[in-house]
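Because the structure is predicted, anything quoted here is derived from the model rather than measured. In what follows, residues are counted from 1 in the order of the sequence shown. As the structure lists them, so they are numbered: ligands from 1, and atoms in each ligand from 1.
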Amino acid sequence: MLDNKFTQYKLCEEIIQALSMLHYIEPTPIQEKVIPLALEGKDIIAKSKTGSGKTAAFAIPICESIVWEENLPQALVLEPTRELAYQVKDEIFNVGRMKRVKVPVVFGGFPFDKQALTLKQKSHIVVGTPGRVLDHCETGTLKCSNVKYVIIDEADLMLDMGFLDDVKRILSYLPENITIMLFSATMGEALYALTDEFMNSPVEVKLEDGT
Ligand code: ADP
Ligand code: MG
């Protein structure tokens, strides 16, 4: 455990242990930049290529921040597709495994009421696609009053798939002063318009060599 380079961050033993189980022994360059900022609660725009480890870059700080005893969601992770939502749920589950972090997934095309029942149980980090997350916000089946982190993942894909308005409407349901993190392989004007509107002095992390 001692040779795990993630010990350089203030992470609890349960997270370090889970990372070692995943054979994550040193942070990738994007993780090295994002994790300390996210632990401080900074708003972040992170741009780096696919496969650079962006999921754990947000999964580690949000799992670290989870207070197990609280029942209402403490973080919300938005993904453009159901497949990505499941992949990211798995990664968060693995990182948070030793803390027994609860990670329900919500997406369209699946019975709303069943998801509503799942959301009624203890939910620490909710992962979902924007349309269905918005539906649950609007009906009150997803209670956002305790949310402290929101992740807009694969933001360039969200934009291409026409989800930006749903994302904006979801952000309007969230408490003020939360930490917003946006992850993307590319950044353009429309995404900067979103970050300008909703983020509070974001730190921009770019890896120009793409790693
Ligand atoms: P991105 O979201 O940037 O496209 P992913 O988060 O999907 O990238 O990560 C790509 C791969 O790298 C995954 O298979 C993941 O398990 C692996 N990975 C992430 N972080 C580390 C790490 N610190 N050490 C080793 N492998 C890692
Ligand atoms: Mg990703």
Side-chain angles (χ1 to χ4, degrees), residues 1-39 43-65 75-99 101 103 105-107 125-130 133 149-161 163-164 166-167 170 179-188 191 194-195 202-211:
M1 231 56 91
L2 275 179
D3 57 355
N4 189 309
K5 300 223 168 37
F6 284 97
T7 53
Q8 69 185 286
Y9 310 114
K10 279 192 178 159
L11 299 171
C12 62
E13 187 56 34
E14 286 93 339
I15 302 285
I16 298 290
Q17 217 175 332
L19 293 173
S20 296
M21 285 164 74
L22 286 166
H23 304 289
Y24 291 4
I25 48 171
E26 61 181 320
T28 65
I30 193 73
Q31 291 164 4
E32 212 163 23
K33 294 197 171 192
V34 166
I35 292 170
L37 293 168
L39 288 171
D43 282 0
I44 300 169
I45 300 169
K47 173 177 167 279
S48 72
K49 72 172 185 192
T50 300
S52 53
K54 293 193 284 299
T55 316
F58 63 78
I60 292 168
I62 59 177
C63 284
E64 173 67 26
S65 79
L76 183 58
V77 178
L78 302 175
E79 295 291 334
T81 66
R82 175 197 303 205
E83 290 71 25
L84 281 165
Y86 269 113
Q87 276 175 31
V88 166
K89 173 224 166 70
D90 285 347
E91 178 96 348
I92 297 173
F93 177 84
N94 286 331
V95 170
R97 169 191 299 271
M98 307 304 287
K99 277 185 82 171
V101 171
V103 196
V105 187
V106 297
F107 48 79
I125 302 170
V126 176
V127 181
T129 51
V133 167
Y149 282 97
V150 61
I151 314 299
I152 304 164
D153 193 24
E154 308 282 353
D156 45 357
L157 276 181
M158 295 273 202
L159 176 70
D160 290 348
M161 294 175 74
F163 288 143
L164 231 48
D166 285 351
V167 171
I170 292 165
T179 295
I180 304 178
M181 295 189 250
L182 180 141
F183 291 81
S184 200
T186 60
M187 281 298 294
L191 290 181
L194 177 82
T195 60
V203 181
E204 191 161 1
V205 174
K206 280 188 202 170
L207 293 178
E208 292 306 350
D209 67 352
T211 54

* Asked: Tell me: protein heavy atom nearest atom 8 (O) of ligand 1, and distance?
  -> G53 N, 3.1 Å

* **Under 4.0 Å to a heavy atom of K49 - the qualifying atoms of ligand 1, by number** => 3 (O)

* Asked: Between F58 and ligand 1, which residue portion shows a heavy-atom distance shorter than 4.0 Å: side chain, backbone, both, or neither?
  -> neither

* Roughly how far, to the nearest 0.5 Å, is the CD1 atom of I30 from the NZ atom of K206? -> 11.5 Å

* Asked: Which side chain to side chain donor-acceptor pair (under 3.5 Å) pairs, counting each pair once, include a residue from residues 84-94, with sequence neighbours left out?
  -> Y24-E91, N94-R97

* **Closest non-hydrogen atom pair between A56 and P61, with its separation** => O-CD, 4.0 Å

* Asked: In terms of residue, atom name and distance, what is the protein heavy atom nearest to atom 16 (O) of ligand 1?
  -> Y24 OH, 2.4 Å

* Taking K99 for the side chain and E64 for the main chain, is one N or O donor matched with an acceptor at less than 3.5 Å? -> yes

* Asked: Are any of the side-chain heavy atoms of V103 and V77 separated by less than 4.5 Å?
  -> no

* Asked: Would you say H23 has any N or O atom under 3.5 Å from an N or O of ligand 1, going by distance alone?
  -> no

* What atoms of ligand 1 come closer than 4.0 angstrom to any heavy atom of T50? -> 4 (O)

* Structure fact -> Near S52 (heavy-atom distance under 4.0 Å), the atoms of ligand 1 are 1 (P), 3 (O), 8 (O)

* Relative to ligand 1, is Q31 under 4.0 angstrom through side chain, backbone, both or neither, heavy atoms considered? -> side chain

* Asked: Under 4.0 angstrom from atom 26 (N) of ligand 1, is there any protein heavy atom?
  -> yes

* Looking only at heavy atoms, which two atoms of R82 and T129 are closest? And how far apart? -> N-CG2, 3.8 Å

* **Separation of M181 CE from I151 CD1 (nearest 0.5 Å)** => 3.5 Å

* Asked: Are any of the heavy atoms in F183 under 4.0 Å away from ligand 1?
  -> no

* To do: Any chance you could measure E154, atom CD, to L159, atom CG, to the nearest 0.5 Å?
  => 13.0 Å

* Asked: Judged by atom type as modelled, is there a donor-acceptor pair below 3.5 Å linking the side chain of D156 to the main-chain atoms of S184?
  -> no

* To do: Work out whether the distance between some heavy atom of Q87 and some atom of ligand 1 is less than 4.0 Å.
  => no

* With 2.8 Å as the limit, jot down which protein N, O or S atoms are around the Mg ion (ligand 2). => E154 OE2

* **Any N/O pair G51/ligand 1 closer than 3.5 Å** => yes

* atom 13 (C) of ligand 1 within contact range, any protein heavy atom under 4.0 Å -> no

* Asked: Is the number of heavy atoms from other residues, nucleotides or ligands within 6.0 Å of CD1 (I25) greater than 12?
  -> no

* Out of curiosity, M98 CE to I15 CD1, how far, rounded to the nearest 0.5 Å? -> 10.0 Å

* Pick whichever of T55, I25, V95 has a heavy atom sitting closest to atom 7 (O) of ligand 1. => T55

* **Close side-chain approach of E32 to Y9, heavy-atom, < 4.5 Å** => yes

* Backbone N or O of I125 within a donor-acceptor pair of the Y149 side chain at under 3.5 Å? -> no

